[in-house]
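One structure below.
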Amino acid sequence: MSIQLNDTFIRDSVTKEALEQMVPALESAYEKLMHGTGRGADYLGWLNLPESYDRDEFDEIKKAAHYIQKNCDIFIVIGIGGSYLGARAAIEFIKSPNYNQLHKNTPNIYFSGNDLSSSSLQELLTLCEGKDVCVNVISKSGTTTEPAIAFRIFRNLLEKKYGEEGAKERIFVTTDKAKGKLKELADQKGYKTFVVPDDIGGRYSVLSAVGLLPIAAAGIDIDAIMAGANEARKQYATCDLWQNDCCRYAVLRNILYRQGKEIEILVSYDSAMQKLSEWWKQLFGESEGKEGKGLFPVSVTFSTDLHSLGQMIQQGKRNLFETVLVFNDRQKIEIPFDEQDPDGLNFLAGKTMDFVNEKAFHATAMAHADGDVPNIILKFEGRSAYNFGFIVYFFELACALSAYMLDVNPFDQPGVEAYKDNMYALLGKPGYEEKKQELEARMKNR
Ligand code: PA5
């Protein structure tokens, strides 16, 4: 497996000379990353994780996943941002967006604590009625409000249903190895815990216990995921713009950004990629969007969105480029022949859906390139566990390199704190009294 970058639909926008001019910036970024001399270097644990991961913890993850599969109908995964997006992306990419309806030998998996909607929480509580439930709460800091509230509610539910001891067997906590409220609670109650490594930030954590426990509970081969990621690590172990497509992707998006193409649209032609796109958006958005810089990451699913955002992409403001993920569909559905041909579709009889999808891709790439929307094409073989691991590593590495080329720290997220501080103050959290007064005064004056 590899990801092949095809630049056919970008050559008019990015010349070979422009690429070559970026080599020093790329080499400097690569050097910083590999030697840990750049900003945020305390968070490089993901770089060698596919090779150096803790085998004992890996076995514990598999054991816990097996227990979850045997003992529950519903598995609730509580977390927000980097603490849930990777697992959700993996389940939909490798299995299906309809996993809960299609895979009957493993528990239904629902994600909670990633918003503050009472209705969605109530719906999950209703779904749990009369069912056996296990919970995995995931929070590196152990203090994030959304998952903390959801966990309190599901912990109460489990304790009422199974008693304190019974609930203890059904709660799995993934958090910091030593600090945070969640770790304190887990120790006090005796929950089984998994560790978010110190040197891995939330959005880079899908290949740690953060992502792997829910993924394994869904019956996915996590060895294959790690093998795919490790293959990517090896393939991208040298910084050569012409041989290393991960580096070339990072460089291309930086060149386009400098040309005023400030919005990158991740395009796929399959709804199974939607959550992977959400994970990608968080990875790039939180890593690059700071100090007044950064490409704005958005995503679309075609051909669905060609009938909505397609108009904007073709003819709106010319500040966009697309990164298109292309792969072979595992299903082949043939379009049937109809003697009467009432819908005039017989010219497609005998052709497969994925043939039509491929033509839609070629047609769209050419139309968008003609409309001054450059397309970077990333091609891979298909939706497997191995390829998921490969793709994750490809984007993590590309993101870190790209952020260093933009001269920002890829591994912090200071902007996320702004809303949190205001919310804590408005909610009356102890310690935020002064801020509360200030915000309430501002609100009165509006
Ligand atoms: O990438 C990140 O660091 C964030 O998206 C976090 O994952 C998110 O804010 C959740 O944080 P925590 O795991 O501490 O609850």
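If you read the sequence from its start, that first residue is 1, and numbering goes on from there. Note that ligands are numbered from 1 as they come in the structure, with each ligand's atoms numbered from 1 the same way. This is a predicted model, so every value here is computed, not measured.
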request  = Using the six-membered ring of Phe411, assess whether NZ or CZ of Arg39 lies under 6.0 Å from its centre and within 45 degrees of the ring axis.
outcome  = no
query = Tyr249 ring centre to Arg253 NZ or CZ under 6.0 Å, with the angle to the axis within 45°?
reply =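 Here Arg253 passes the 6.0 Å and 45° test against Tyr249.
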ask   = So, are Lys444 and Glu440 salt-bridged, with charged N and O less than 4.0 Å apart?
value =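 No, Lys444 and Glu440 are not salt-bridged.
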Could you measure the distance from the [atom1] atom of [X] to the [atom2] atom of [Y]? Nearest 0.5 Å is fine.
X      : Y      : atom1 : atom2 : value
Ile377 : Ile3   : CD1   : CD1   : 13.0 Å
Glu92  : Phe388 : CD    : CZ    : 11.0 Å
Asn6   : Lys379 : CG    : NZ    : 9.0 Å

Atoms in ligand 1 with a heavy atom of [X] nearer than 4.0 Å:
X      : answer
Ile80  : 7 (O), 8 (C), 10 (C)
Gln282 : 1 (O), 2 (C), 4 (C), 5 (O)
Ser139 : 12 (P), 13 (O), 14 (O), 15 (O)
Gln413 : 3 (O)

note = In terms of its nearest heavy atom to atom 2 (C) of ligand 1, the top option of Lys420, Glu286, Glu417 is Glu286
Can you tell me which residue and heavy atom of the protein come closest to [atom], and the distance to 0.1 Å?
atom                    : value
atom 7 (O) of ligand 1  : Gly82 N, 3.0 Å
atom 11 (O) of ligand 1 : Thr144 OG1, 3.6 Å
atom 3 (O) of ligand 1  : Gly202 N, 3.5 Å

query = Does Ser141 reach ligand 1 with a nitrogen or oxygen that is under 3.5 Å from one of the ligand's nitrogen or oxygen atoms?
reply =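 Min N/O separation from ligand 1 is below 3.5 Å for Ser141.
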